[in-house]
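See below for the structure under consideration.
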Protein chains: 2
Amino acid sequence: MSEFGELLRNLRKQRKVTQRQLAERVGIDFTYISKIESSTMDPPAEDKIIRISEVLQVEPEELILAAKKVPKSFQRLITENKEIPVFLRKASDLSSAQWRKIKEIIDEEGEG
Amino acid sequence: MSEFGELLRNLRKQRKVTQRQLAERVGIDFTYISKIESSTMDPPAEDKIIRISEVLQVEPEELILAAKKVPKSFQRLITENKEIPVFLRKASDLSSAQWRKIKEIIDEEGEG
DNA sequence: GTAGTTGTTGACATATTACTCAACATGTGT
DNA sequence: ACACATGTTGAGTAATATGTCAACAACTAC
């Protein structure tokens, strides 16, 4: 249940930034930030999330995923690469042992 | 560039269904089908795509992916499972050899 | 107490997505 | 010719996502 709003508020406070400062640097209204942080409103669109991540110096992907959105970069991968949907269909059933092996493989150097 | 519209039209014709028949069974206007098939309009929302897939007897996922959308089931996986984003970040760089090994692993019986 | 700073709230506005409706064109059979 | 079935097109609508604006509340420092 990790809320996007909660995460955003924590990050913002850690960076000692006010809602108005953040909003101005992102290019949106500060009252919107307020509502997002309180989960009164849904997380903003991906481009705004990316701006936020730049201002707050976090990985965009972290915020996008916390917003329960699929990063557009992933979307392209998934819809363009035939292998990936095959993988994802099975992904929820993988044991931790299987995940471990998979990680070993993807951490190998690519060999062609 | 496999167009959703083209695929839809081919499937529909193979099934000997008219635009009006399909539209009625799906619960949308037949002129919408026309525009989708001619790629005048974007593919419909996921729920409509699923209805279409039921009527035309194809895997929903096939149509959803052809529409360049990420199935909601995948969205949940990606945003809820920590391992998957890690995997996807690397996925575009995987060699076919690596893919082969990964497939072997996911085809094992789950052991934990 | 009042001026400045920060955050909240409700109503409203804009943009984007996802469709519908009326009219028409194009065949096909009789 | 006409009727009927099928598909196309342009304009308009509905729904949803994404925001803004004006007003106010709460705190801090002077």
Side-chain angles (χ1 to χ4, degrees), chain A residues 3-56 60 63-72 74-76 78-79, chain B residues 3-56 60 63-72 74-76 78-79:
Chain A
E3 294 290 348
F4 178 82
E6 221 179 316
L7 173 59
L8 175 56
R9 175 162 287 167
N10 289 339
L11 286 169
R12 178 178 62 78
K13 291 198 161 173
Q14 277 172 28
R15 270 64 169 172
K16 310 285 185 199
V17 175
T18 69
Q19 290 180 347
R20 283 164 220 247
Q21 287 167 345
L22 175 57
E24 174 166 29
R25 296 193 58 189
V26 168
I28 58 183
D29 194 276
F30 70 94
T31 68
Y32 189 27
I33 301 279
S34 173
K35 290 172 198 179
I36 292 165
E37 288 187 354
S38 60
S39 299
T40 298
M41 296 201 87
D42 289 339
E46 180 170 316
D47 60 328
K48 304 296 159 43
I49 296 182
I50 291 172
R51 294 282 301 111
I52 290 172
S53 74
E54 286 164 2
V55 174
L56 298 184
L63 291 187
I64 295 169
L65 292 171
K68 314 225 182 213
K69 299 189 192 245
V70 176
K72 294 208 190 308
F74 285 3
Q75 180 179 342
R76 261 171 246 126
I78 292 165
T79 60
Chain B
E3 294 290 347
F4 178 83
E6 220 180 315
L7 173 60
L8 175 57
R9 174 161 288 167
N10 289 339
L11 287 169
R12 179 178 62 80
K13 292 199 162 172
Q14 277 171 28
R15 272 58 168 178
K16 310 285 186 200
V17 176
T18 68
Q19 289 181 347
R20 282 164 221 247
Q21 288 167 344
L22 174 58
E24 174 167 28
R25 297 193 58 191
V26 168
I28 58 182
D29 195 276
F30 70 95
T31 68
Y32 189 28
I33 301 279
S34 172
K35 289 172 198 177
I36 291 165
E37 288 187 354
S38 60
S39 298
T40 298
M41 297 203 86
D42 290 339
E46 181 171 316
D47 61 328
K48 304 296 159 45
I49 296 182
I50 290 172
R51 293 281 304 111
I52 290 172
S53 75
E54 286 164 2
V55 174
L56 298 184
L63 291 187
I64 295 169
L65 292 171
K68 313 224 182 213
K69 298 186 193 249
V70 176
K72 292 207 193 309
F74 285 3
Q75 179 180 340
R76 260 170 247 127
I78 293 166
T79 60

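A quick note: this is a predicted structure, and the numbers were derived from the prediction, not measured. Note on naming: letters A, B, ... go to the chains in the order of the sequence lines (proteins, then strands), and numbering restarts at 1 for each one.
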Reckon A:Thr18 touches a base, only the sugar-phosphate, or nothing at all at heavy-atom distances under 4.0 Å?
-> sugar-phosphate
State whether B:Arg9 places a side-chain N or O below 4.0 Å from either non-bridging phosphate oxygen (OP1 or OP2) of D:dT8.
-> yes
OP1 or OP2 of C:dT8 less than 4.0 angstrom from a side-chain nitrogen or oxygen of A:Ser34, does that happen here?
-> yes
Euclidean distance, atom CD of residue B:Glu46 to atom C1' of C:dT17 [Å, nearest integer] = 15 Å
Which part of the nucleic acid does A:Ile28 contact within heavy-atom distance under 4.0 Å: base, sugar-phosphate only, or nothing?
-> sugar-phosphate
Spacing of B:Gln21 atom CD relative to D:dT6 atom C1', expressed in whole Å = 10 Å
Nearest whole angstrom, please: distance from the C1' of D:dG19 to the CD of A:Glu37.
-> 16 Å
Below 4.0 angstrom from OP1 or OP2 of D:dG7, is there any side-chain N or O of B:Arg12?
-> yes
Where do B:Arg9 and B:Glu6 land on the salt bridge (charged side-chain N to carboxylate O under 4.0 Å, His left out) test, with the steps shown first?
-> CA-CA 5 Å; B:Arg9 174 161 288 167; B:Glu6 220 180 315; over 6 Å; no
Quick one: is A:Lys69 getting a side-chain N or O under 4.0 Å of the D:dT18 phosphate, OP1 or OP2?
-> yes
Figure out the CG/C1' separation between B:Asp29 and C:dA22, and round it to whole Å.
-> 10 Å
A:Tyr32 side chain near D:dG19 phosphate (N/O to OP1/OP2, under 4.0 Å) = yes
Rounded to the Å, how far apart are A:Ile36 CD1 and D:dT18 C1'?
-> 9 Å
Per atom distances to the A:Arg20 side chain, the nearest of D:dG19, C:dT6, C:dA18 is C:dT6
Looking across every strand, which nucleic acid part, if any, lies under 4.0 Å from A:Thr31 by heavy atom: base, sugar-phosphate, or nothing?
-> base
Can you list the steps and then say if B:Val70 with B:Ile64 is a side-chain contact (heavy atoms from CB on, under 4.5 Å)?
-> CA-CA 7 Å; B:Val70 176; B:Ile64 295 169; over 6 Å; no
If you look at every heavy atom in B:Leu22 and B:Arg12, which pair is closest and at what distance?
-> CD2-CD, 3.8 Å
Verify side-chain contact (heavy atoms from CB on, under 4.5 Å) between B:Leu11 and B:Leu63, making sure each step is shown before the conclusion.
-> CA-CA 10 Å; B:Leu11 287 169; B:Leu63 291 187; 3.8 Å; yes
Between C1' of C:dT20 and CE of B:Met41, the distance in whole Å = 10 Å
For A:Glu24 and C:dT6, give me the distance from atom CD to atom P, rounded to whole Å.
-> 12 Å
With a 4.0 Å cut-off on heavy atoms, is A:Lys16 in touch with a base, just the backbone sugar-phosphate, or nothing at all?
-> nothing
Starting from P on D:dT9, measure out to CZ on B:Phe30 and report it in whole angstrom.
-> 13 Å
Below 4.5 Å, heavy atoms only, C-beta onward: do B:Ile49 and B:Lys69 meet side chain to side chain?
-> yes
Is a donor-acceptor contact shorter than 3.5 angstrom present between the side chain of A:Lys35 and the base of C:dG10?
-> yes
Taking OP1 and OP2 of D:dT8, is either one under 4.0 Å from a side-chain nitrogen or oxygen of B:Gln19?
-> yes
